[in-house]
Amino acid sequence: MLKIYHSPGTRGFRTIWICEELTVPYEIVPVNFAADYRAKPEWRAMNPVGKVPVMQDGDMIMFESCAMTQYVLDRYGEGRLQPAKDDPSYAHYLQWSWFAEATFARPLGEIVNHRREFKPELDDVVAEMKSRATTCVAALDAALADRTYLLGETMSAVDLSICYTTRGYRRMVTENLPATFQAYFDRVTALPSYDATVKADADTAEKLKG
Ligand SMILES: N[C@@H](CCC(=O)N[C@@H](CS)C(=O)NCC(=O)O)C(=O)O
């Protein structure tokens, strides 16, 4: 069974959600997010830069949440939640998959890192990162103007990945999303798999406390 090494509230949420939506069996291994734990050789052996999440499938161990999503889709998805490579939407499937982490999540991650390292935080730095993230939200809102999901009328894994990042945006920047994007976020997070993922995330937090 897939093992997802996850700390509550972090990017393992993406991997759990994709498994829930595809009904791929998985087990969560709770990971202590404390920096000193992540710096230990035992964790660096799992993730050499000391981050979470990590996923294990048999002897295979990998990090990077969007790569993990793609692995689960390719290995266990049976064609669900992604277009075929010869489908006209495939290029934009790749585009939004990368955008979710490399462009949209990046300024949000920088706010978290900055707040951890700089006390008091530098307001201009945080404002710049918020502005970059808000530019991403505006781009998503515009892209959704004539469609239900980012690739058109069919939901795909990119919608889950983007909505995971949007959780961070709502927490760190603002809960006020532009109307089209808000309706999309509500639609995607109404999936039963989303509630199951929120519960799995909360259960992981409980296990770490206990
Ligand atoms: N691009 C990586 C980012 C991983 C990442 O930054 N994870 C955060 C938690 S969501 C983390 O471990 N941060 C701790 C740190 O950067 O020190 C991915 O998608 O897995």
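Both ligands and their constituent atoms are indexed starting at 1 by order of listing.
With no hydrogens or angles considered, a side-chain donor-acceptor pair links Arg14 and Ser65 at under 3.5 Å. Side-chain contact, Asp74 with Gln82: a donor N or O sits under 3.5 Å from an acceptor N or O. The closest side-chain donor-acceptor pair between Ser193 and Trp17 falls under 3.5 angstrom.
Residues satisfying the ring pair (Phe, Tyr, Trp, His ring centres under 6.0 Å) criterion with Tyr93, sequence neighbours excluded, are absent altogether. Thr134 is linked by a side chain to side chain contact (heavy atoms under 4.5 Å, CB included) to Tyr169, Val173, counting only residues two or more places apart in sequence or in another chain.
Closer than 4.0 angstrom to ligand 1 lie heavy atoms from Thr10, Arg11, Phe33, Arg38, Lys51, Val52, Pro53, Glu64, Ser65, Glu101, Asn113, Arg116.
When hydrophobic side chains of Ile, Leu, Val, Met, Phe, Trp and Tyr are connected at separations under 4.5 Å, Ile61 ends up clustered with Tyr5, Val29, Val31, Phe33, Tyr37, Trp43, Met46, Val52, Val54, Phe63.
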